[in-house]
Structures are given as structure tokens and as C-alpha cells.
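Inspection log for the structure reproduced underneath, given as C-alpha cells.
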Amino acid sequence: MIILAVESSCDETAVAVVEDGRTVRADVIASQADMHATYGGVVPEIASRKHVEAIAGLAGQALAQAGVTRREIDAVAVTYAPGLIGAVLVGVNFAKSVAFALQKPLIPVHHVRGHIAANYITHPDLEPPFVCLCVSGGNTMIVDVRSYTDMEIMGATRDDAAGECFDKAARVLGIGYPGGAPMDRLAQGGDDKKYDLPRAQVHGAPLDMSFSGLKTAVVNLVHNAGQKGETLDLPGLAASFGAAVSDTLVPRTMEAAVRRGYGKVAVAGGVAANSRLRSDLERACAQRGLALYLPALPLCGDNGAMIGCQGYYEYLAGRRAGMDLNAYATRDIGLG
Ligand code: KG4
């Protein structure tokens, strides 16, 4: 079964051609990151306009790369939630028009479910159930993946997403946007105990998280140093920051894995590329005898292949959308 998959929830326009869920025939992406870097964050209106400009051309490229004609497309899958509403709407309307023109089924895909599915592409042997730590620029949650389409949030951030926190810290340090990858590089060789940064607990909700205090701590540290004319140890600060994020995410993921007892842990989303997080999870899972599944680095960030993969499993579960499909800025992953 050939699925044309469309993703436009933030600042990457992506179209993929995926066969039978796990074979990626083409995966093309147009990133707008350079455009938004000028502003230090994603400007929603610019994102929507850039998606409109890129999306049809990308679909043509994806089909050409896959060697697939329009007639050979069996279904169209699209991210319909969550994301920047104007941005998601562009993908949804494009997917609707393709499905209508070709008279093929339209499959709505939850963006974070797509991130989880990136693991099915990387690991052909992986099947649910497992516990998945989903960490991206807009979402941070621990999900019980009971089946390909039956999921429940076990814990989530109460405020900022981990990726957003990386981006804000990088912005105040002036090291670029998006900030996760430059923070990761800067942290290499830095002393992770150099700065004492907070690891917040949510009272009464041990699997929930909070990152806003960590973000504020870095902002205050930088401003105070500036006012006193002190020089910060930037590699030490980046390493201490990465340690604080990892120390928040890893123990909760382990606790969730132990509670469910599946023996398998996966990670998903842009922050899954973080080297400190990956190595801490490897160590923690090895200590507990848990199998760890990490997505291949190119599949950590937003892409169309993951939407095509999850779209296949949504299709098998009978999920279809009509021409009245809408886009949503937020939506519980459990609702699909
Ligand atoms: O999954 P993604 O591409 O977009 C969303 O769905 O939100 O994630 C983007 C986020 C950004 O916040 C980016 O800074 C972060 O992932 N990121 C990283 C790394 N690479 C990307 N964060 C930490 N370490 C990295 N190596």
C-alpha cells in the first residue's frame, strides 16, 4: 500500500511516500529554520506562508524520487494536530485536495504519534506495547503505547516543552536557532556540574515535569553575569543544562517503564537527538534490562516518513477523515 504523507505542523514542510508502513520510498523536507532564525523563534504567519509556497513542489519531488505516479497512491495521510494552527491547516488542505482529486482515502495523523512511528522505520522489529518518551520543540510527554493506535499519556510537562527550553536557553546565550543542536555541541567536553540548575518535581504527579524554572534559571544566570561583568563558562553551562534536562526526563521514563513492565522503551521527537539524553537512557535501560529504541538521527525531527508510517497503522485500524477534516492546535494523543 502506497501512502503519500504530508507534514506541516511547525517550520518544516515535508512530504513522503511510504510503502506498507515501514518502507520509505521518498522523504523530502524544506526547512524554514534559516528564515525564523532572524527572529529567534518560529513566526507562525511566516511559517504558514512558506508552507503554501513549498508544499506542491515537494509533493512532486517526493513522487519523482519514489518513482510513483499519482494514480499509484492508495491513500493520503496528513498531520492534523497538534501544531501551529495556520501551519497545520496548509498541510490539511493540501492533503484534502489531493485525496479529493484522486478519490483516495484521507487519513488524519496525530503529530506526536508520527514521532513515535519514526521508531518503526528505524527498528523493523519494534512492535507495541512499549513506553515512549516523546520530547520535541512543542511537546514533552511519556506515552504508554499499548498498540499502534491505542495510547495514553502517563506524564507530561506542565509548562514548557524540553526542546522549547533548549531553544530559549540557546537564544539567551546567543548561540543560534533552533538551539538544541548547538547547545548539544557546546556541551561536549563541558563540566556538567559547573552550574547548579533546578530539577523540578510536580507535587503529587511523579511522572509530570516542569521546565519553566530551568529556563528562568539560565536567563537569570546570563543576565546576572552580564550585569556583574562576569564571563560564563559556556561549555559548562550547556553541559549543566543538558544534565538538568536529562535528569528530569530519564528517571520518569524509567519509572513509567517499570510500572508498565513491557521491557521496551522508545524515544521520539527532535530532542531524541540529544547526545546526553541518548547516553543517559542507554545506561539507565541497560541497568534495568530494558531494550532501548532510539530513532535514527534524521528521523528525530519533523519529517513526512513518520506520518506515512503512522498513517498506515491508522488506516489498518479503520481511521478515515472526510473533506470536513479540520486542523487542531492541541489534541490528546489518546484520541488519535
Ligand atoms: O520534533 P521537532 O523537529 O519539532 C517539533 O515537533 O517540535 O523538534 C524540534 C526541537 C527543537 O526545540 C530543537 O532545538 C530540538 O528539537 N533539538 C534538540 C537537538 N536537536 C534538535 N534538542 C537537544 N539536543 C539536540 N541535539
Side-chain angles (χ1 to χ4, degrees), residues 5-16 26-59 61-62 77-95 109-118 134-141 157 160-185 211 215 268-274 295 297-308 310 327-331:
V6 179
E7 155 64 38
S8 68
S9 65
C10 191
D11 61 347
E12 337 270 354
T13 323
V15 182
D27 188 17
V28 294
I29 301 178
S31 175
Q32 312 169 357
D34 288 352
M35 187 80 52
H36 299 291
T38 316
Y39 306 95
V42 180
V43 182
E45 183 57 26
I46 294 178
S48 310
R49 285 164 192 251
K50 289 286 151 193
H51 287 312
V52 171
E53 285 172 19
I55 203 157
L58 281 182
Q61 266 182 45
V78 62
T79 297
Y80 81 109
L84 299 173
I85 191 69
V88 187
L89 268 170
V90 176
V92 165
N93 282 303
F94 179 76
V109 178
H110 189 287
H111 179 72
V112 184
R113 287 187 176 208
H115 273 303
I116 295 171
C134 304
V135 260
S136 67
N139 299 279
T140 296
M141 58 181 85
T157 181
D160 297 337
E164 186 185 344
C165 199
F166 267 106
D167 293 339
K168 296 281 160 57
R171 185 160 79 181
V172 77
L173 293 175
I175 59 165
Y177 168 84
M183 285 286 280
D184 197 355
R185 283 193 294 273
F211 290 102
K215 181 180 74 182
V271 184
N274 185 261
L297 289 179
L299 291 173
C300 289
D302 292 346
N303 63 85
M306 67 186 200
I307 302 303
Q310 183 61 25
Y328 299 90
T330 57
R331 183 152 174 98

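Computed from a prediction, not measured in an experiment: that's the story for all the values here. FYI, the numbering just counts along the sequence from 1.
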Item to check | Approximate separation, where rounding is to 0.5 Å, of Lys215 NZ and Lys168 NZ | outcome: 4.5 Å
Next on the checklist: Among Ile175, Asn274, Asp167, exactly one meets side chain to side chain contact (heavy atoms under 4.5 Å, CB included) together with Met183. Which residue is that?
Outcome noted: Ile175
Checklist entry - Is a side-chain donor-acceptor pair under 3.5 Å present for His111 with Glu7? => result yes
Item to check | Minimum side-chain heavy-atom gap Phe211-Glu164 below 4.5 Å | outcome: no
Checklist entry - side chain to side chain contact (heavy atoms under 4.5 Å, CB included) between Val135 and Phe166: does it pass, once the steps are laid out? => result CA-CA 11 Å; Val135 260; Phe166 267 106; over 6 Å; no
Checklist entry - So, Arg171 side chain and Gly40 main chain: donor-acceptor pair closer than 3.5 Å or not? => result yes
Next on the checklist: Can you tell whether the side chains of Arg49 and Glu45 come within less than 4.0 Å, N to carboxylate O?
Outcome noted: yes
Item to check | Atom of Ile85, atom of Ala329 and distance for their closest heavy-atom approach | outcome: CD1-N, 3.7 Å
Checklist outcome for this item: Of all heavy-atom pairs linking Ala5 and Gly304, the shortest is CB-O, 3.4 Å
Item to check | Any His115 side-chain heavy atom under 4.5 Å of Asp302 side chain | outcome: yes
Next on the checklist: Closer than 3.5 angstrom, by distance alone: can the side chain of Asp27 be matched with the main-chain N or O of Ala16 as a donor-acceptor pair?
Outcome noted: no
Item to check | Passing option when Asn139 is tested against Val112, Thr330, Thr157 for side chain to side chain contact (heavy atoms under 4.5 Å, CB included) | outcome: Val112
Checklist outcome for this item: Taking every heavy atom of Gly137 against every heavy atom of Ala161, the minimum-distance pair comes out as O-CB, 3.5 Å
Checklist entry - Is the shortest heavy-atom distance from the side chain of Ile46 to the side chain of His36 under 4.5 Å? => result yes
Checklist entry - Can you name the salt bridge (Lys or Arg N to Asp or Glu O under 4.0 Å) partners of Arg185, sequence neighbours left out? => result none
Checklist entry - Looking at side-chain heavy atoms only, is the closest gap between Tyr177 and Asp11 below 4.5 Å? => result yes
Item to check | Donor-acceptor under 3.5 Å (Gln32 side chain, Ala47 main chain) | outcome: yes
Checklist entry - Minimum heavy-atom separation for Gly91 to Ile55, with atom names? => result CA-CD1, 3.9 Å
Checklist entry - Within a reach of under 6.0 Å around CZ of Arg331, are more than 12 heavy atoms found that belong to other residues, nucleotides or ligands? => result yes
Next on the checklist: For a quick test of reading the model, state the closest non-hydrogen atom pair linking Val6 to Ile307 and the distance between them.
Outcome noted: O-CG2, 3.8 Å
Checklist entry - Short question: side chain of His51, backbone of Ala14 - any donor-acceptor pair under 3.5 Å? => result no
Checklist entry - What is the distance from atom CE of Met141 to atom CD1 of Ile116, rounded to the nearest 0.5 Å? => result 8.0 Å
Checklist entry - Donor-acceptor pair, Ser8 side chain versus Ala87 backbone, under 3.5 Å? => result yes
Checklist entry - What's the shortest heavy-atom distance between Thr79 and Ser9, and which atoms? => result CG2-CB, 4.0 Å
